[in-house]
Amino acid sequence: MRKHLLYILCGMLLLTGCDYLNRVPEKDIETVESLFEQRTKAESWWKGLYGEINTVLTSLTNNTSFLGADEFVTCQALYNSTTFRLDGLKVADGLQMSQSPYGSLWYKMYTVIRNANTFLENIDNTYNITDEDREWWKADVKALKAFIYFELVRRYGPICLVPQNMPMELDVSAYQLPRQHVDTCFKEIVRLLDEAAPYIPMHNQRDPAYGHTICLEALYALKAKALLYAASPLFNGNAFYSDFKNKNGELLFNSSYDRNKWLLAAEAADKAAEICAVGDRDLYTEETTKKTKLLNQMNDIESSMFSRFDNKEYLLEMKWGTLQLYRFTLPRLLDDEVNFNESLLGCLSPSMKMVEMYYTSHGLPIDADNSWSYANRYKLGSESSVIYEDVIPMNTSVVNLHLRREPRFYASIAGDRMYWQRGTNTATRNYNLLVEAHKDESWGTQEDFIVSNNWQNINGYWLKKQTFGNFATSNYVANLKGQETYPVIRLAEVYMMQAEAWNEYLDQPDSRVYDPLDKVRERAGILPVREAWKTFSNSPAKVDTKVGMREIIRHEYSIEFAFEGHRYWDIRRWTIAHQVMNEKQYGWNILGTTFQTFYNNENGPIVVWSKNKFVAPRDYLEPFNAEEILISGMVQNPGW
């Protein structure tokens, strides 16, 4: 028992460390019961639960959702790297397997659940703690359990629900619990959250030292998100799983569609928005110092991705893991001795699909704006409007695809002949760098082949999102404080859940759909959805219909939450992954040394990656490790 306790505590990666364990001789290691008598050690156990979750969910290796969709392309060197295991790239190519699944969280998450249950079983024995704090800590751990269950359900579908009194000495692999009906799993998530809600404080009522815990706004947002998933096509009347059964013959999915699930999700999202308003939550819109409106909007969008537990838009956030995205996305700039940083690889690029997904300046898809020439998007043009000063070079050859786009495009994407601030301007140095992506230019490749064993950008685009423009590239890491967080749930998602759930429940969209969607669009610097479609689109009636708004809302999700690990889940819960993932990836001819050759003689992008693959229904749910299936006696997910 003593050895087992030591393993659990050190494995929890306590935020306060394992120092006190290291100071205690093995013969004096405490029992669980005596440990929980002391407030400080009980609190360390509580914080350690978050340490475990952070380790699992904010790692690019463990969490394949960051890179497992169609948002990124990369070079062969990173794809095959054993130093940097970015397994999500393999998942995007249909290489997931049941023998040793990429990004498997099953055992890790159930270990956290066991440790959470141990906390709940023993916290009532803790001395020197107020009743108020005890109830809060217990409620927080219940909410954390709900969050873990949610993460498991959206990966695996029907899961095992663990009784709180399971013996701590029993290894997780020996639980041998049956999988529960997927509706039962969602109901358990909601039950835990409802049970916790009366004791969870709002964000501004907590001690700042507990910023990592679940606040009331996050709890209601998580409840809405769980109900939204329960209502979504993957889990609501999905024909793929109409005959999916436990080994005892019990059905694990309902084959019939239940429209009322969308009402539950809509009402929960409304409640979450109400709680957020009471808690003074707001979308980030503070910048006024830049010299143009567009630059201010871009700065707000960039800043919305930055937090150290101090951004009012972040409802639930976690500290980044060891492999942070910026290392792979920031430019390498080999020929720029002032900005070169050897630790940056610059070889993980936003896909051409995502580049084209961003709206025009009117807030419309590029193929729907009647004032934007979709047919000429791959031709060369130029910009002369001062609106785009310091964003696009004036009166210079620029591909039309980069012109007259929305602020989120310019805040998120860097492409050839676009500006990207990489530091702070001084009297002697202008850090508003011009992206020059042709071969042998400072941003371009120096290789002679697209397939190379060296780091290179293979499609001519760089990701600006989730990086900070006022940090110079040369000393980017030194500017970070190590406290930067990843947004698990942002306020913008609450608004998008309201719009989606009400649209799916109502026969025809009304203000309950349009108004929350427009809150997201307003911060994005684009027109309200009805004004944009009625005034500038080639399909003005689309905004009036349920089906039309469904497509518009899904498009908005894909832009607002691009590169945040959302699209992986959204295309699955909407059951459209088999339609969008089996497509080739395109980019510019990075070996081109002139405008004409780089832009393929204005004939459009070329194929840079052709391995993406998604098999339905197999890939909609992740596989359990085959060995786990043998040990536990559970039924494997279909297709695996």
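Note that the numbering runs from 1 along the sequence shown for the chain. The figures here come from the full heavy-atom set of this structure, side chains too, leaving out hydrogens, waters and symmetry mates.
Atom CG of D194 has more than 12 heavy atoms from other residues, nucleotides or ligands within 6.0 Å. Atom NZ of K138 sits in a crowded spot, with more than 12 heavy atoms from other residues, nucleotides or ligands closer than 6.0 Å. Other residues, nucleotides and ligands contribute more than 12 heavy atoms inside 6.0 Å of the CD atom of Q164.
Classification of R281 and E313 as a salt-bridged pair fails, no side-chain N sitting under 4.0 Å from a carboxylate O. Under 4.0 Å is where a charged nitrogen must lie from a carboxylate oxygen, and between R114 and E121 no such pair does. In this structure, R490 pairs ionically with E564, as a charged nitrogen and a carboxylate oxygen lie closer than 4.0 Å. Ion pairing between K353 and E583 holds under the 4.0 Å rule for side-chain N and carboxylate O. Between R191 and E195 a salt bridge is recorded (basic side-chain N to carboxylate O distance below 4.0 Å). Residues K613 and D619 are not paired through a salt bridge, judged by the lack of any N-O separation under 4.0 Å between the basic side chain and the carboxylate.
In this structure, K611 satisfies the cation-pi test against W609, with its NZ or CZ atom closer than 6.0 Å to the six-membered ring centre and inside 45 degrees of the ring normal. For K90 and Y79, the positive end sits near the middle of the six-membered ring, less than 6.0 Å away and at most 45° from its axis.
Note: Y156 and W106 have perpendicular aromatic rings, judged against thresholds of 30 and 60 degrees for the angle between ring planes. Ring geometry for W137 against F119 counts as tilted: the plane angle lies between 30° and 60°, on a 0 to 90° scale. Ring geometry for Y557 against W574 counts as perpendicular: the plane angle is over 60°, on a 0 to 90° scale with 30° as the lower cut. Under the 30°/60° scheme for interplanar angles, the aromatic rings of F561 and H566 are found to lie parallel.
For Y486 and F66, the distance between ring centers is under 6.0 angstrom. A distance below 6.0 Å separates the ring centres of F72 and F563.
Among the candidates F614, F244, Y241, the single residue satisfying the ring pair (Phe, Tyr, Trp, His ring centres under 6.0 Å) test with Y620 is F614. Each of Y199, Y210, Y50 was scored for a side-chain hydrogen bond (donor to acceptor under 3.5 Å, both in side chains) with D140, with one residue passing: Y50.
Here the CZ-CD distance, from R567 to E71, works out to 6.5 Å after rounding to the nearest 0.5 Å. Atom OG1 of T485 is separated from atom NZ of K319 by 10.0 Å, given to the nearest 0.5 angstrom. Distance check, rounded to the nearest 0.5 Å: CD of Q324 to CG of L330 gives 10.5 Å.
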Derivation of the side-chain contact (heavy atoms from CB on, under 4.5 Å) call for T126 and E37: CA-CA 4 Å; T126 301; E37 291 177 354; over 6 Å; no

Working for side-chain hydrogen bond (donor to acceptor under 3.5 Å, both in side chains), residues N236 and R573: CA-CA 9 Å; N236 188 7; R573 70 180 180 87; over 6 Å; no

Worked check of side-chain contact (heavy atoms from CB on, under 4.5 Å) between I123 and R134: CA-CA 7 Å; I123 189 61; R134 192 193 314 275; 4.1 Å; yes

Residue pair R179, N637: steps toward the side-chain contact (heavy atoms from CB on, under 4.5 Å) verdict: CA-CA 11 Å; R179 298 177 70 178; N637 276 331; 2.8 Å; yes

K271 and E267: CA distance, side-chain angles, deciding distance, salt bridge (Lys or Arg N to Asp or Glu O under 4.0 Å) verdict: CA-CA 6 Å; K271 180 65 175 180; E267 292 174 339; over 6 Å; no

CA sep, side-chain torsions, deciding dist, call: N254, D183, side-chain hydrogen bond (donor to acceptor under 3.5 Å, both in side chains): CA-CA 8 Å; N254 285 334; D183 285 352; 2.7 Å; yes

side-chain contact (heavy atoms from CB on, under 4.5 Å) evaluation trace for F309 with H212: CA-CA 7 Å; F309 298 109; H212 62 281; 4.1 Å; yes

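Using modelled atom types and a 3.5 Å distance limit, the side chains of N62 and R85 yield no donor-acceptor pair. There is no side-chain donor-acceptor pair under 3.5 Å between N54 and W320. Residues N63 and S65 have side chains that bring a donor and an acceptor to within less than 3.5 angstrom of each other. Q585 and D70 share no side-chain donor-acceptor pair at under 3.5 Å.
Of the possible polar contacts, none joining the S242 side chain to the N238 backbone as a donor-acceptor pair under 3.5 Å is found. In this structure, the side chain of Q636 engages the main chain of F624 through a donor-acceptor pair within 3.5 Å. Between the N115 side chain and the L49 main chain, no donor and acceptor come within less than 3.5 Å of each other. A donor-acceptor pair under 3.5 Å is formed between the side chain of D310 and the backbone N or O of R308. Within the 3.5 Å criterion, the main-chain N or O of A77 finds no donor-acceptor partner in the side chain of S81.
The side-chain contact (heavy atoms from CB on, under 4.5 Å) check on T64 picks up D87, V91, Y102, Y568, E622, with sequence neighbours excluded. Contacts of F150 classified as side-chain contact (heavy atoms from CB on, under 4.5 Å), with partners at least two apart in sequence or in another chain: R154, I189, L222, K225, A226, Y229.
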